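Quick caveat: nothing in here was measured; it's all calculated off a predicted structure.
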Amino acid sequence: MKIVIIGGTGLIGRPLVGLLRAKGHEVVAASPSTGINALTGAGLAQALNDAAVVVDVSNAPSFEDDAALAFFRGTTTNLLKAARDTGVRHVIALSVVGTDRLQASGYFRAKLAQEHLIAGSGMPYTIVRATQFFEFLSTIADGYTRDNIVYLPGIALQPVAAADVSALLAEIATAAPVGGIIEVAGPERAPLAEFTASWLGARDDPRRISVTADHDYFGVAADDRSLVPDENPRIAPTRFDEWLAAETQESAV
């Protein structure tokens, strides 16, 4: 069948496109670089023509409150209209575990707005909420660094490999819509500082970690429940140490 991937050239989209093509599906990698822009609507209807499924793994180019909201509202509104007009039978969107618990953040308010638009559209849908990616640890470390020290909040994380999320989305794209939310997380839960320390150590990064008394995630109040899944999530197979070893080996080549 024909499947359109919005954000099909990014971290999640590129391997997702490859997995679905390997299964014999006709797959369109939709992004502004391929002439399909969900935010402006350019090329969207043509891309979705005769498509059975659309998967939105795009992300806002800015985490600023108004910009993120404008992006997710705009792209989702355009996508739902085009999907309805062209007879798409399954709309899938990638979201984030903790979206509903971190509403003091403008970015997470924008993600929840996206989820509500999809759930209220009347279209058959599945929303996949993933925990933070292993690949995001670099951004986390940089975001909390001051004077060569990484000041991290004492909160728990259960991160997941981006490749595992792509694999789950490939499975969901060829299954029936669930009409609700599926959560996916990695197999290990530990303090954010432990994952970050391992990541820094594997790269011989000289920065030192200091765990603070603050309980926040990029300025938003958070605790050990904020970024981990609820009961009965899908548990991805890749362990953090396995991923880290593979990434370190690849970097050394």
TODO: Check whether any side-chain N or O of Glu242 sits under 3.5 Å from a backbone N or O of Arg239 as a donor-acceptor pair, and report yes or no.
DONE: yes
- [ ] Could you go through the side-chain contact (heavy atoms from CB on, under 4.5 Å) check for Arg203 and Glu247 one step at a time?
- [x] CA-CA 10 Å; Arg203 284 158 176 73; Glu247 286 291 304; 4.1 Å; yes
Task: Counterpart residues, side-chain contact (heavy atoms from CB on, under 4.5 Å), relative to Val220 (two or more places apart) - done: Leu102, Ala104, Ser105
- [ ] Given ring pair (Phe, Tyr, Trp, His ring centres under 6.0 Å), test Tyr107 with Phe71 step by step and report yes or no.
- [x] CA-CA 10 Å; Tyr107 178 82; Phe71 177 85; 9.5 Å; no
Open item on the list: A side-chain contact here means heavy atoms from C-beta on lying under 4.5 Å apart; do Phe195 and Pro159 qualify?
Closed with: yes
Open item on the list: Is the ring pair Phe136/Phe218 parallel, tilted or perpendicular, if the boundaries are 30 and 60 degrees?
Closed with: tilted
Open item on the list: Tell me whether Asn78 contacts the main-chain N or O of Lys81 through its side chain, where contact means a donor paired with an acceptor under 3.5 Å.
Closed with: no
Task: Side-chain donor-acceptor contact under 3.5 Å, Thr99 with Arg129 - done: no
Open item on the list: Would you say that Met1 contacts Thr174 through its side chain, given a criterion of any heavy-atom pair below 4.5 Å between the two side chains?
Closed with: yes
Open item on the list: Over 60° means perpendicular and under 30° means parallel, so tell me whether Phe240 and Phe134 are parallel, tilted or perpendicular.
Closed with: perpendicular
TODO: Count the heavy atoms belonging to other residues, nucleotides or ligands that lie under 6.0 Å from CZ of Arg21, then report whether that count exceeds 12.
DONE: yes
- [ ] Could you list the residues that satisfy salt bridge (Lys or Arg N to Asp or Glu O under 4.0 Å) with Glu171, not counting sequence neighbours?
- [x] Arg234
Open item on the list: More than 12 heavy atoms of other residues, nucleotides or ligands under 6.0 Å from CZ of Arg208: yes or no?
Closed with: no
Open item on the list: Looking only at the side chains, is there a donor atom on one of Asp142 and Thr139 sitting less than 3.5 Å from an acceptor on the other?
Closed with: no
TODO: For side-chain contact (heavy atoms from CB on, under 4.5 Å), just list the numbers for Val55 and Val57, CA-CA rounded to whole Å, side-chain angles, deciding distance to a tenth of an Å, and then say yes or no.
DONE: CA-CA 6 Å; Val55 186; Val57 296; 4.0 Å; yes
